[in-house]
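First comes the structure, then the notes that go with it.
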Amino acid sequence: MLVRAALRCAARPGGQRPPVRGIHGSVRARSAMPSWVIDQYGRNEVLRFTRDMVFPVIHYPNEVIVKVHAASLNPIDLSMRSGYGATALNMKRDPLKIKSMDTEFPLTLGRDVSGVIMECGLSVSYFKPGDEVWAAIPPWKQGTLSEFVVASANEVSFKPKCLSHVEAASLPYVGLTAWSAINKVGGLNQSNCSGKRVLILGASGGVGTFAVQLVKAWGAHVTAVCSHDADTLMRKLGADDVIDYKTGNLEQQLKALPSFDFILDNVGGSTEKWALDLLKKWSGATYVTLVTPFLINMDRLGVADGMLQTGVTIGSKTVKHLMKGVHYRWAFFMPSGPSLDEIAQLVDSGKCLSRGVCPASSSC
């Protein structure tokens, strides 16, 4: 974070912050905007298009307003539409319970955005109006299926130059989710990944396709598990071995291969019961899963009991597997402009999405 702050100062002559330029137009003209919203949780019929969504306002000096040029949908949007995670997300929206009642509605969905900076808060010097940027907005904030969206400057990054807005909008959420699991939680990076054997379960989804490219760019040997119809895609992305989970016993197929240094599980369920046995014991090998009961526990049990149950579950599993010589960890999406900076460099250098293949999101 300190490095990025220094770069922000260096990006402007003399380290001076450029003057803030607001959005021009009358108050009346800018009091509302078109958006896709929901007023209650449910199925697709709860979606509503409105031209009267409240225009976003900068409340903190580190925020920016982005004009949305492209947005995309992810599975999290469908889950949130149905109410998944509402307990935890409402707590994050109002942690001190200042509001007398839950006021998340009308709620705008959409996490990914590619667009142009329109207005900057007083402390923002890394960006200026007119900059082309991309971001993944956290699920506790108003989303991107709107004309404008407000975000923290630390959640935003310059868009890769080689991608159009539509292409760029397909990547931030899945890219940051994979980055969180592999780098932030799993501890892999460009310096220590070379030669490691990495297994990606559920490799043909949005997170999986980016994960395959990321660890391959860092020099890993990649084994991808997917259905047969994704075989060509996986090899195009750089996977060394592709295993069809529909052909034969998947567990036996994987046990016939050399042990792995790292496993990313995008599937969950019964895979957790046997996947950790595929890791190299007592070598620092790590299993990271993105399928966790954290939000489900809070929805089902409430905040306090849900957090307690979650803590007991992750604690017991971590100790159990540590005693067997492997590391067991959970990972979640983490909004991060600095991480998107690194992802953008990989994209522009041709190491990720270099073959015109977009993650599995609706903007492609």
Side-chain angles (χ1 to χ4, degrees), residues 21-42 44-60 62-86 89-90 92-93 102-121 124 127 129-157 159 164-174 176 333 335 337 340 361-364:
R21 290 184 286 172
I23 298 177
H24 299 287
S26 67
V27 174
R28 179 181 179 86
R30 290 299 178 183
S31 62
M33 63 178 178
S35 299
W36 280 97
V37 302
I38 61 173
D39 301 301
Q40 61 181 333
Y41 297 120
N44 280 344
E45 60 268 16
V46 302
L47 287 169
R48 174 174 64 89
F49 179 75
T50 177
R51 295 188 178 277
D52 298 317
M53 187 62 177
V54 177
F55 192 84
V57 176
I58 289 178
H59 291 286
Y60 301 99
N62 69 327
E63 290 182 330
V64 297
I65 293 177
V66 178
K67 179 173 176 57
V68 179
H69 282 220
S72 64
L73 290 174
N74 291 279
I76 184 65
D77 297 304
L78 301 182
S79 298
M80 286 178 62
R81 178 211 62 194
S82 301
Y84 170 74
L89 296 178
N90 282 336
K92 179 67 176 177
R93 293 175 182 122
D102 292 339
T103 57
E104 71 266 35
F105 301 119
L107 178 64
T108 305
L109 301 176
R111 310 272 55 93
D112 290 315
V113 61
S114 183
V116 175
I117 296 286
M118 297 299 292
E119 186 174 359
C120 298
V124 177
F127 301 106
D131 286 339
E132 294 190 331
V133 296
W134 63 345
I137 308 299
W140 54 87
K141 295 184 178 182
Q142 289 287 16
T144 62
L145 301 183
S146 211
E147 186 179 13
F148 297 91
V149 66
V150 66
S152 165
N154 289 327
E155 299 163 357
V156 177
S157 170
K159 179 183 73 66
S164 68
H165 284 295
V166 171
E167 292 169 333
S170 71
L171 185 58
Y173 187 82
V174 294
L176 286 175
F333 159 77
L340 277 177
S361 92
S362 67
S363 69
C364 291

Of all heavy-atom pairs between [X] and [Y], which one has the smallest distance, and what is that distance?
X	Y	value
Leu107	Met80	CD2-CE, 4.5 Å
Ala168	Trp134	O-CE3, 3.5 Å
Gln142	Ile137	O-CG2, 3.7 Å
Leu176	Pro335	CD1-CA, 4.2 Å
Val149	Gly143	CG2-O, 3.5 Å
Glu104	Tyr41	OE2-OH, 3.0 Å

message: Going by the rule ring pair (Phe, Tyr, Trp, His ring centres under 6.0 Å), which residues pair with Tyr60 if we only count those two or more places apart in sequence or in a different chain?
response: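 Applying ring pair (Phe, Tyr, Trp, His ring centres under 6.0 Å) to Tyr60 gives none.
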task: Could you pull out all residues at least two apart from Arg93 that satisfy salt bridge (Lys or Arg N to Asp or Glu O under 4.0 Å)?
output: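 Result, salt bridge (Lys or Arg N to Asp or Glu O under 4.0 Å) vs Arg93: none returned.
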- request: Return the set of residues passing salt bridge (Lys or Arg N to Asp or Glu O under 4.0 Å) with Glu63 (not counting sequence neighbours), or none when no residue passes.
  value: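 Listed in chain order: nothing, the list is empty.
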Check: [Y] main-chain N/O paired with [X] side-chain donor or acceptor under 3.5 Å:
X	Y	value
Arg48	Asp39	no
Arg111	Ala136	no
Ser152	Asn154	yes
Asp77	Leu109	no
Asp131	Phe127	no
Ser72	Ala169	yes

- prompt: For Asp52, what residues pass the side chain to side chain donor-acceptor pair (under 3.5 Å) criterion, not counting sequence neighbours?
  reply: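 Checked Asp52 against side chain to side chain donor-acceptor pair (under 3.5 Å); zero matches.
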- prompt: So how far is it from Asp112 CG to Thr144 OG1, rounded to the nearest 0.5 Å?
  reply: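 Those atoms lie 6.5 Å apart.
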- request: Drop me the distance from Lys159's NZ to Leu171's CG, to the nearest 0.5 angstrom.
  value: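 Reported to 0.5 Å precision, the distance equals 12.0 Å.
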- prompt: Is the NZ or CZ atom of Lys92 positioned over Trp140's six-membered ring, under 6.0 angstrom from the centre and within 45° of the axis?
  reply: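 Judged by the rule (NZ or CZ under 6.0 Å from the ring centre, within 45° of its axis), Lys92 counts as positioned above Trp140.
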- request: Check the pair Ile76, Tyr173 against side chain to side chain contact (heavy atoms under 4.5 Å, CB included), reporting the backbone distance first and the verdict last.
  value: CA-CA 10 Å; Ile76 184 65; Tyr173 187 82; 3.7 Å; yes
Pairwise side-chain contact, Leu73 with Leu145, heavy-atom cut-off 4.5 Å (strictly under):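 With C-beta onward as the side chain, the pair touches.
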task: For Pro34, enumerate each residue passing the side-chain contact (heavy atoms from CB on, under 4.5 Å) test, keeping only those at least two apart in sequence or located in another chain.
output: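 Pro34: side-chain contact (heavy atoms from CB on, under 4.5 Å) contacts with Phe49, Arg51, Glu147.
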query: Residues in side-chain contact (heavy atoms from CB on, under 4.5 Å) with Ser164, at least two apart?
result: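 Val166, Glu167.
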